[in-house]
K.L.:
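The structure under discussion is supplied below as structure tokens; questions concerning it will follow.
This one's a predicted model, so the numbers in the text were calculated from it and none came from an experiment.
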Amino acid sequence: MIKHFRVLDSVAILKPISNTRLALVEPEYASISSLPVGLVGTIIEVYDTEKECQYLVEFADSQGSEYAQGKSISIMLDKST
């Protein structure tokens, strides 16, 4: 069974995401090299192509302020769940 993620689904990072694939919203985050494993983001856009789905994922702090968006993120299911 293939799961299709939808807008507003939550996802966690299983591999670091390089800052070259991010749109950093706040200037103080410009020095980071990647988003670390374990961060949770929210899907805000789904791009469904014939080959695969790509996602725009927003990452926010505990106050809900967005600090980064992952561009064209491929999401894979963790087979252990």
K.L.:
Under the side-chain hydrogen bond (donor to acceptor under 3.5 Å, both in side chains) test, which residues partner Glu66, sequence neighbours left out?
P.N.:
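Result, side-chain hydrogen bond (donor to acceptor under 3.5 Å, both in side chains) vs Glu66: Gln69.
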K.L.:
Is Asp9 close to Tyr55 at the side-chain level, that is, under 4.5 Å between some pair of heavy atoms?
P.N.:
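The answer is no; the side chains never approach within 4.5 Å.
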K.L.:
Under a 4.5 Å cut-off applied to non-hydrogen side-chain atoms, are Pro16 and Leu35 in contact?
P.N.:
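They are not in contact (no side-chain heavy atoms under 4.5 Å apart), so the answer is no.
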K.L.:
Rounded to the nearest 0.5 Å, how far does CD1 of Ile43 lie from CD of Glu58?
P.N.:
12.0 Å
K.L.:
In chain order, what residues pass the side-chain hydrogen bond (donor to acceptor under 3.5 Å, both in side chains) check against Ser18, with sequence neighbours excluded?
P.N.:
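Partners of Ser18 by the side-chain hydrogen bond (donor to acceptor under 3.5 Å, both in side chains) criterion, ordered by chain and then number, come out as Thr20.
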K.L.:
With a 4.5 Å cut-off on side-chain heavy-atom distances among I, L, V, M, F, W and Y, is there a chain of contacts connecting Val37 to Leu22?
P.N.:
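Result: no, two separate clusters.
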K.L.:
Can you tell me how far the CG atom of Leu39 sits from the CD1 atom of Ile17, to the nearest 0.5 Å?
P.N.:
8.5 Å
K.L.:
Of all heavy-atom pairs between Val40 and Ser10, which one has the smallest distance, and what is that distance?
P.N.:
CG1-CB, 4.2 Å
K.L.:
Test of understanding: with side chain to side chain contact (heavy atoms under 4.5 Å, CB included), list the residues that count as partners of Val7, not counting sequence neighbours.
P.N.:
Val46
